[in-house]
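Only one structure is covered here, and it is reproduced in the block below.
On a predicted model such as this, the values are computed, not experimentally measured, just so you know. All heavy atoms count here, side chains included; hydrogens, waters and symmetry mates do not.
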Amino acid sequence: GDRPRPATEPAEPEIAVGRLVRPVINLLNDDLLAYDIVHCDETRVQVLKESGKTAQSQSFLWGRLGGPRERPILLFDYDPTRGGEVAERLLQGFEGFVQVDGYSGYNGCFANPKVVRVGCMAHVRRKFDEALKAQAGAKQAIKGRSKAHQGMAYIQKLYRIERDIRGQDPSARKAAREVLAGPILTEMKAWLDASKGDVPPTSLVGRAISYASEQWNSLLRYLDDGRLEIDNNLMENAIRPFAIGRKNWLFSDTVHGAEASANLYGLIQTARANNLEPYGYLSHLFTELPKATTVEDYERLLPTRWRPE
């Protein structure tokens, strides 16, 4: 990312604050891309005054979660589109595992063989759950006969393993998955292949089976490294407060406001992830930020490094 530099302060104080923290955001971005695991997700945001777009149109907040587990980094970037070029720009220079859902906008990132897609089993589970709910009360939903129930049963077994190994070190998690989850996944894949012709492809259960089959290689990747997760829920949980807050504040007035909000939201969420009280961290940051003149000064202000005395 860009090296720290003073930002030009606009007229609006809130937007000025969002811009002045950019040197800290840049350093966090460098650290995030230097680690070899990142989770990504995106959610919609509305900006009223945006060139070339109506006030009713949707733009997007892109979220990234990375860094080692003891020093996690959460960053958010505003963009008017959900196009794949945004994902490629945000992951430029990254090498390692990228955990995402099945959204095709990330496909271009994986043209680099050093960038590996890790799928999200939670999305597969949701699709089978939708099919089960739609079949509730119907004859085909009787336990043991429903394809949706069978698919869900495989997934529940996998999640029970994850529950049992939670908190263990990565090597132990990897070993347990190889022994316990590997056979279940092999059986599930054979079941998926055999089930494709048994249900209409446009039905909810047919779509769930097709989605799991299409994502299969990426769904297996969590077996490769004990630091990886079976799903992308860490990122989805991190971006959820923004989606909930959106119901209250509804929209951003300008692009500059959306960008400032993304910067500040990233700092707050990163502070929380590093067990810092957000108000205390921001108070320290805004007190010391005007004094910072060197890269080292800015590095000392990162929420992944600063600790209250």
Side-chain angles (χ1 to χ4, degrees), residues 1-5 7-8 10 12 14-33 35 38-67 73-94 96 98-112 115 117 120 123 232 234-270:
D2 297 336
R3 305 317 304 170
R5 62 176 68 90
T8 301
E12 302 89 339
E14 297 85 357
I15 296 177
V17 169
R19 284 188 168 183
L20 289 169
V21 300
R22 191 68 218 181
V24 176
I25 297 293
N26 289 341
L27 287 172
L28 288 172
N29 184 67
D30 289 346
D31 288 347
L32 182 146
L33 294 177
Y35 194 64
V38 63
H39 301 254
C40 300
D41 197 15
E42 65 288 332
T43 189
R44 59 185 175 81
V45 63
Q46 186 176 0
V47 177
L48 298 185
K49 301 170 184 175
E50 188 167 16
S51 178
K53 300 184 72 172
T54 65
Q56 294 76 26
S57 60
Q58 295 297 331
S59 297
F60 293 89
L61 187 79
W62 293 71
R64 291 173 296 158
L65 166 62
I73 299 168
L74 276 155
L75 294 179
F76 298 90
D77 290 82
Y78 164 80
D79 199 276
T81 78
R82 200 185 177 208
E85 68 278 2
V86 183
E88 293 182 42
R89 170 171 53 81
L90 292 177
L91 294 175
Q92 185 175 4
F94 175 83
V98 178
Q99 187 151 32
V100 291
D101 56 28
Y103 174 47
S104 62
Y106 292 97
N107 290 354
C109 301
F110 305 107
N112 180 352
V115 181
R117 185 174 203 142
C120 177
H123 276 72
N232 201 30
L234 288 174
M235 183 68 248
E236 293 192 12
N237 291 338
I239 209 170
R240 185 172 292 116
F242 185 92
I244 294 173
R246 184 175 58 217
K247 296 179 181 179
N248 294 321
W249 45 258
L250 300 179
F251 52 79
S252 292
D253 187 48
T254 67
V255 170
H256 291 313
E259 292 171 343
S261 295
N263 287 345
L264 294 172
Y265 186 63
L267 287 178
I268 290 170
Q269 290 293 77
T270 300

- How long is the gap from CZ on Phe76 to CG on Leu65, to the nearest 0.5 Å? 8.5 Å

- Using modelled atom types only, decide if a donor and an acceptor are shared between the side chain of Thr270 and the backbone of Leu74 within a distance under 3.5 Å. yes

- Give the intermediate values and the outcome of side chain to side chain contact (heavy atoms under 4.5 Å, CB included) for residues Met235 and Val38. CA-CA 9 Å; Met235 183 68 248; Val38 63; over 6 Å; no

- For Leu32 against Gly66, the heavy-atom pair lying closest together: CD1-N, 3.8 Å

- Item | Nearest-0.5 Å distance that lies between atom CD1 in Ile268 and atom CG in Leu264 | 6.5 Å

- Task: For Asn112, enumerate each residue passing the side-chain hydrogen bond (donor to acceptor under 3.5 Å, both in side chains) test, keeping only those at least two apart in sequence or located in another chain.
- Result: none

- Can you sort out the partners of Asp31 under salt bridge (charged side-chain N to carboxylate O under 4.0 Å, His left out), two or more places apart, ordered by chain and number? Arg305

- Query: Passes side chain to side chain contact (heavy atoms under 4.5 Å, CB included), Leu91 versus Cys40? Steps please.
  - Reply: CA-CA 10 Å; Leu91 294 175; Cys40 300; 4.2 Å; yes

- Item | Straight-line distance of Tyr78 OH to Ser261 OG, nearest 0.5 Å | 11.0 Å

- Query: side chain to side chain contact (heavy atoms under 4.5 Å, CB included) between Asp79 and Phe60: does it pass, once the steps are laid out?
  - Reply: CA-CA 5 Å; Asp79 199 276; Phe60 293 89; 5.6 Å; no

- Verify, without hydrogens or angle tests, whether Asp101 (side chain) and Asp41 (backbone) share a donor-acceptor contact under 3.5 angstrom. no

- Query: About how many Å separate CG of Asn107 and CZ of Arg117, when rounded to the nearest 0.5 Å?
  - Reply: 5.0 Å

- Message: Test of understanding: with side-chain hydrogen bond (donor to acceptor under 3.5 Å, both in side chains), list the residues that count as partners of Glu42, not counting sequence neighbours.
- Response: Arg82, Tyr106

- Task: Can you measure from SG (Cys109) to CZ (Arg89) and round to the nearest 0.5 angstrom?
- Result: 11.0 Å

- Task: Mind checking side-chain contact (heavy atoms from CB on, under 4.5 Å) for Leu90 and listing every partner two or more places apart, or none if nothing turns up?
- Result: Trp62, Arg64, Asp77, Val86

- Nearest 0.5 Å please: distance from the CG atom of Leu267 over to the CD1 atom of Ile25. 4.0 Å

